[in-house]
Student: 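To start, I am sharing the structure in question, which I have written as structure tokens.
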Amino acid sequence: MDAAAVPALHDAVLDWYDAHARELPWRGAAASPWSVMVSEFMLQQTPVTRVLPVHAAWLERWPTPAALAEESTGEAVRMWGRLGYPRRALRLHAAAAAIVERHDGEVPTSYDDLLALPGVGDYTASAIASFAFGQRHVVLDTNVRRVLARTISGVEFPATAVTRAERDVATSVLPDDEATAATWAVATMELGALVCTARQPSCDACPVAELCAWRGAGFPAYDGPPRRGQAWVGTDRQCRGRIMALAREAESSIGAAQVEAAWPQAEQRERCLAGLEADGLLTQVTPGRWALPG
């Protein structure tokens, strides 16, 4: 994209966001930095519709990092419910404890301090700094990467992992003003979630259709490495999910007979139990009985 077209790109996306942004509890002036942080952990690989009720329950029970840090990791896993990837609950609990220990219970404002928290990588640190504190950072989630790949680079999908070239492109179109850059980050994310979707982009409703390099090139099909699907049935993820569901619903612990009934395939079941123990999501309280961590 020619540098002269960047202001038009900014205006189109920001105006669209002003008119179409969803009202979400972790957005807006009323949202606390902790609410933003909790949402960013929960939204990783999980749709907004599934996150909304769990986010609300967490903020009601644990309105501050200190409130969560005082609870056991097992309660964090239990409250995580069926969001999937429950290790995120352990990481969020560890981050809350670190915030209490290092930052007097307040979510830190700087990117470097955020990045130093357990379970926080570049994307999450950038997102919290941008969305909670209005700072200027490149925020590259799946939706943003797809929007920039299509609009600027003229390809259907970005590479499987963020490249230096991709980050340079994102930096080159990041608005200079901090507040505008923070809004740009969430606006491009929203555009990817609602319009420039992976499977069926709504190009007729896109505010930057006339500027889109992918559209201008005739929508060339993706020709990169195979993109991973989201297989579920019969996978270790499904097995682990069933075991974790039993543990969350149990008043104390679950026994081998219950686990076997939930997943009859012995070799896979034992492998998943061992993995859950290794990940800190289950504790063997006695031989043949497991519980959420205390």
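Side-chain atoms are counted along with the backbone in the values below, which use heavy atoms only and exclude waters and symmetry mates.
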Student: Which pair of non-hydrogen atoms, one from Pro293 and one from Thr283, has the smallest distance, and what is that distance?
Tutor: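 The pair with the smallest heavy-atom distance is CA-OG1, 3.7 Å.
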Student: Answer yes or no: are there more than 12 heavy-atom neighbours, outside Asp18 itself, under 6.0 Å from its atom CG?
Tutor: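 Yes, enclosed.
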Student: With the threshold set at 4.0 Å, does a side-chain nitrogen-carboxylate oxygen contact exist between Arg167 and Asp122?
Tutor: yes
Student: Keeping the roles fixed (side chain from Arg145, backbone from Leu140), state whether a donor-acceptor pair exists under 3.5 Å.
Tutor: no
Student: Taking side chain as C-beta onward, heavy atoms only, is Val139 less than 4.5 Å from Phe131?
Tutor: yes
Student: Is it true that Arg61 and Glu71 make a salt bridge, defined as a side-chain N closer than 4.0 Å to a carboxylate O?
Tutor: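 Yes, Arg61 and Glu71 are salt-bridged.
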Student: Do Val144 and Val186 sit in one hydrophobic cluster, given that two such residues count as connected whenever their side-chain heavy atoms are within less than 4.5 Å of each other, even indirectly?
Tutor: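 Same hydrophobic cluster.
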Student: If you count heavy atoms of other groups shown closer than 6.0 angstrom to CZ of Arg164, is the number above 12?
Tutor: no
Student: If you count the non-hydrogen atoms of other residues, nucleotides and ligands that lie under 6.0 Å from CG in Asp168, is the total more than 12?
Tutor: yes
Student: Below 4.5 Å, heavy atoms only, C-beta onward: do Val13 and Thr188 meet side chain to side chain?
Tutor: yes
Student: Let me confirm one number: the CD1-CG distance from Ile99 to Leu117, rounded to the nearest 0.5 Å.
Tutor: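 Going from the CD1 atom of Ile99 to the CG atom of Leu117 covers 5.0 Å.
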Student: Using a 4.5 Å cut-off on heavy atoms from C-beta on, say whether the side chain of Glu190 contacts that of Val195.
Tutor: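 With C-beta onward as the side chain, the pair stays apart.
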Student: Ignoring hydrogens and geometry, is there a side-chain-to-backbone donor-acceptor pair from Ser202 to Ala205 under 3.5 Å?
Tutor: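 Side chain of Ser202 to backbone of Ala205: no pair is present.
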Student: According to a hydrophobic-cluster definition based on side-chain heavy atoms being under 4.5 Å apart (Ile, Leu, Val, Met, Phe, Trp, Tyr only), do Val38 and Val48 belong together?
Tutor: yes
Student: Would a 4.5 Å heavy-atom cut-off, applied to side chains only, mark Arg22 and Arg27 as touching?
Tutor: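 They are in side-chain contact.
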Student: Enter the distance from Met37:CE to Leu68:CG here, rounded to the nearest 0.5 Å.
Tutor: 9.5 Å
Student: Looking at Ser172 and Val169, what are the two nearest heavy atoms and their distance?
Tutor: OG-O, 2.6 Å
Student: Where the side chain of Glu277 meets the backbone of Ala274, is there a donor-acceptor pair that is under 3.5 Å apart?
Tutor: no
Student: Would you confirm whether Arg146, through its side chain, and Gly192, through its main-chain N or O, come within 3.5 Å as a donor-acceptor pair?
Tutor: yes
Student: Under a 4.0 Å threshold between the charged nitrogen and the carboxylate oxygen, would Asp279 count as salt-bridged to Arg240?
Tutor: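 Judged by the 4.0 Å cut-off on N to carboxylate O distance, Arg240 and Asp279 do form a salt bridge.
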Student: What's the spacing between Leu114 CG and Ser126 OG if we round to 0.5 Å?
Tutor: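 These two atoms lie 9.0 Å from each other.
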Student: Would a line drawn from the ring center of Trp80 to the ring center of Trp58 be shorter than 6.0 Å?
Tutor: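 Yes, they do, as the ring centres are separated by less than 6.0 Å.
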Student: If hydrophobic clusters are built by linking Ile, Leu, Val, Met, Phe, Trp and Tyr wherever their side-chain heavy atoms come under 4.5 Å apart, do Leu194 and Leu52 end up in the same one?
Tutor: no
Student: If you look at every heavy atom in Val285 and Ser253, which pair is closest and at what distance?
Tutor: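 Distance-wise, the nearest heavy atoms are CG2-CB, 4.1 Å.
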Student: So that I know where these two stand, are Phe219 and Trp214 an aromatic pair - ring centroids less than 6.0 Å apart?
Tutor: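 Yes, the ring centres sit under 6.0 Å apart.
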Student: Which pair of non-hydrogen atoms, one from Glu40 and one from Thr124, has the smallest distance, and what is that distance?
Tutor: CB-CG2, 4.2 Å
Student: Identify the two heavy atoms, one from Ala116 and one from Arg102, that lie closest to each other, and give their separation to 0.1 Å.
Tutor: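 For Ala116 and Arg102, the tightest heavy-atom pair comes out as O-NH1, 3.0 Å.
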Student: Do Ser153 side-chain atoms and Arg150 backbone N/O form a donor-acceptor pair below 3.5 Å?
Tutor: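 Not at all, since once roles are kept as given, no pair shorter than 3.5 Å links the two residues.
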Student: Donor-acceptor check, side chain of Thr151 to backbone of Val147, threshold 3.5 angstrom: yes or no?
Tutor: yes
Student: Could you walk me through whether Val208 and Trp16 pass the side chain to side chain contact (heavy atoms under 4.5 Å, CB included) test, one step at a time?
Tutor: CA-CA 9 Å; Val208 294; Trp16 174 87; over 6 Å; no
Student: Counting distance only, does the side-chain N/O of Gln238 pair as donor-acceptor with the main-chain N or O of Gly234 below 3.5 Å?
Tutor: yes
Student: Can you check whether Asp223's main-chain N or O pairs, donor with acceptor, with Glu156's side chain at less than 3.5 Å?
Tutor: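 Side chain of Glu156 to backbone of Asp223: no pair is present.
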Student: Do the side chain of Arg78 and the main chain of Thr73 share a donor and acceptor less than 3.5 angstrom apart?
Tutor: no
Student: Less than 4.5 Å apart, side chain to side chain, heavy atoms only: is that true for Ile128 and Tyr111?
Tutor: no
Student: Do you know the tightest heavy-atom contact between Pro65 and Val107?
Tutor: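 Where Pro65 meets Val107 most closely, the heavy atoms are CG-CG2, 4.3 Å.
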Student: Salt bridge check, Arg82 against Glu249: does any charged N sit closer than 4.0 Å to a carboxylate O?
Tutor: yes
Student: Roughly how far apart are Gln44 CD and Tyr85 OH, rounded to 0.5 Å?
Tutor: 10.5 Å
Student: Which one of Leu43, Val51, Thr49 satisfies the side-chain contact (heavy atoms from CB on, under 4.5 Å) criterion with Pro47?
Tutor: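 Of all the options given, the one that passes is Thr49.
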Student: Is the backbone of Ser110 close enough, under 3.5 Å, to the side chain of Gln135 for a donor and an acceptor to pair up by distance?
Tutor: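 Judged by distance alone, no pair lies under 3.5 Å.
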Student: Heavy-atom distance under 4.5 Å between the side chains of Arg91 and Pro118, does that happen here?
Tutor: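 They are not in contact (no side-chain heavy atoms under 4.5 Å apart), so the answer is no.
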Student: Do the side-chain N and O atoms of Ser35 and His55 include a donor-acceptor pair separated by under 3.5 angstrom?
Tutor: yes
Student: Checking Thr46 against Arg88: is there a side-chain donor and acceptor pair closer than 3.5 Å?
Tutor: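 Per modelled atom types, Arg88 and Thr46 side chains form a pair under 3.5 Å.
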Student: Any salt bridge linking Arg248 with Glu75? Criterion: basic side-chain nitrogen under 4.0 Å from a carboxylate oxygen.
Tutor: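 No salt bridge links Arg248 with Glu75.
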Student: How far does CD of Glu106 sit from CH2 of Trp34, to the nearest 0.5 angstrom?
Tutor: 11.5 Å
Student: With a cutoff of under 4.5 Å between side-chain heavy atoms, which Ile, Leu, Val, Met, Phe, Trp and Tyr residues group with Leu281?
Tutor: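 When side chains under 4.5 Å apart are linked, the cluster holding Leu281 also contains Val77, Leu90, Ile243, Met244, Leu246, Ile254, Val259, Leu273, Leu276, Leu282, Trp290, Leu292.
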Student: Could you tell me the separation between the OH atom of Tyr17 and the CE atom of Met189, rounded to the nearest 0.5 Å?
Tutor: 9.5 Å
Student: Should Thr142 and Tyr123 count as side-chain neighbours, where that means a heavy-atom distance under 4.5 Å?
Tutor: no
